[in-house]
There are 2 protein chains.
Amino acid sequence: MRISEGVEWAAHCCLLLDWMGMGDPETAEPVSTARLAAGYGLPPAYLNKQLQPLVKAGILTSTAGKKGGFRLARRLRDITLMDVLTAIEGPEEAFQCAEIRQHGVWADEPASVFRAPCAIDTAMRTAELEWRRALAAQTLAAIQQNAELQAPGLRAQVQDWYREPRP
Amino acid sequence: MRISEGVEWAAHCCLLLDWMGMGDPETAEPVSTARLAAGYGLPPAYLNKQLQPLVKAGILTSTAGKKGGFRLARRLRDITLMDVLTAIEGPEEAFQCAEIRQHGVWADEPASVFRAPCAIDTAMRTAELEWRRALAAQTLAAIQQNAELQAPGLRAQVQDWYREPRP
DNA sequence: GCGCGGCTACTCGGATATAAACTGTCCGAGTAGCACTGG
DNA sequence: CCAGTGCTACTCGGACAGTTTATATCCGAGTAGCCGCGC
């Protein structure tokens, strides 16, 4: 049970795209995976693969061609950690009840018994719901703000680094 | 990011062991993996493998030999879903920050910048903590009680089924 | 000078290998009960 | 009849394959800009 590292990559890239686009997705220019990957020392092709589901989820938009790349589809305040995680890990829950209670002792029980949900499944769902609720409560805008509070000037440094034409 | 099915198996087996032991681990007789597996239609050898970490975690005790098997190490009210999950999935967190921010643009920054934790990591940890908190709040005793409420007579049925010498 | 067409460079997107983790199976060390033997 | 002893059957525990998932890479379709040509 380990969350794919793609989630971390995606979240960082969203923050980076916002910094480079000055916070306005409308006027932002696309950034290629090569440049994004250079910013974090990541393998460019694999980062591209990881960002693709974000496009399908409507978090990013992609444009091909010479000046192409990725852009934010909406503002950071409208993107939650839950959105990013769901885009990459998929919408299904982490705990998937296999209903093993139906395959052994209770196989001959009347179907009415199984109308009631598995108590273990219910408990696991309850806990997982808390997790997802906490994820949905965190917007990328809030996270970015925390990052800037802890490292003042970070925004300007990033923009400077990317001003010259990197790989 | 999918939780191993071993968690579901382990939780069910703990409930089963409690039913068969009449709730008192002290006077309960060991139950072999063959019998436990028969109760749920599971592969016996693999179930054995899944229960082993529960022994190491101090949730179950195992005894070898002819009349051997597994027993609960403590009462259900002293076992939480968090205990079971940690035993099988391991103690490490689901989201593991790779600190990619240190490998690219910010590689040349002073080390003081990295004293502050990664804002994304912090947010993910916060959410995951909520999840674990919810898991730790659910004891197996409470789950068992819910199961019995939804299916009255379940306890007696299980005990009857296991009264005759199954595989 | 200006419009247009072809070309090139660069992009994403998916198809393709490689590594890791999960799932499942098998056999051996060890133990507890049991039968047999001897007193 | 009872104690001791060897044997057998059964248990867990870990070592060994098979299968799905995650990681990493590569190449092709397609687009946007740009250069050159013709008007």
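So that the names make sense, note that chain A is the first sequence line, chain B the second, and so on, each numbered from 1.
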Intermediate values then yes/no, ring-ring contact (aromatic ring centres under 6.0 Å, His included), A:Y46 and A:W9: CA-CA 10 Å; A:Y46 189 32; A:W9 296 9; 5.3 Å; yes
Evaluation steps, side chain to side chain donor-acceptor pair (under 3.5 Å), between B:W19 and B:E148: CA-CA 11 Å; B:W19 275 323; B:E148 290 178 354; 2.7 Å; yes
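Residue whose closest nucleotide on DNA chain C sits further toward the 5' end, between A:A64 and A:K56: A:A64. Of the residues near DNA chain C, B:E89 and B:K67, the one whose nearest nucleotide (by heavy atom distance) lies more toward the 5' end is B:E89. Mapping A:W9 and A:K66 onto DNA chain D by nearest heavy atom places A:W9 closer to the 5' end of the strand. Along DNA chain D, the nucleotide nearest to A:G6 and the one nearest to B:V55 differ in position, and the one closer to the 5' end is contacted by B:V55.
Closest to the side chain of A:Q52, from the set C:dG13, D:dC12, C:dA15, is C:dG13. Which of C:dT25, C:dT16, C:dC12 sits closest to the side chain of A:K49 comes down to C:dT16. Which of C:dT25, D:dT23, C:dT23 sits closest to the side chain of B:E5 comes down to C:dT23. Side chain of B:Y46, nearest nucleotide from D:dC12, C:dA15, C:dG24: C:dG24.
To the nearest angstrom, P of D:dA24 lies 15 Å from CG of A:N48. For the pair B:M1 CE and C:dC22 P, the computed distance is 14 Å after rounding to whole Å. Summarising the geometry, the separation between CD1 on A:I3 and P on D:dT21 is reported as 18 Å, rounded to the nearest angstrom. Atom CD in A:Q96 sits about 14 Å away from atom C1' in C:dC22, given to the nearest Å. As rounded to whole Å, 13 Å separates atom P of C:dT23 from atom CG of B:L47. D:dT25 atom P lies 11 Å from atom CG of A:L42, rounded to whole Å.
The phosphate of C:dT11 (OP1 or OP2) has a side-chain N or O of A:S32 nearer than 4.0 angstrom. Put simply, A:S62 has a side-chain N or O that comes within less than 4.0 Å of OP1 or OP2 on C:dG13. Proximity of A:T63 to the phosphate of C:dC12: no side-chain N or O atom is located under 4.0 Å from OP1 or OP2. Put simply, B:R2 has a side-chain N or O that comes within less than 4.0 Å of OP1 or OP2 on C:dT23.
Between B:R125 and B:E93 the shortest heavy-atom distance is NH1-OE2, 2.9 Å.
Using cut-offs of 30° and 60° for the angle between ring planes, the A:W131 and B:W131 rings count as tilted.
Aromatic ring centroids of B:Y40 and B:H12 lie under 6.0 Å apart.
Heavy atoms of B:G68 sit under 4.0 angstrom from primed sugar atoms or phosphate atoms, though from no base atom.
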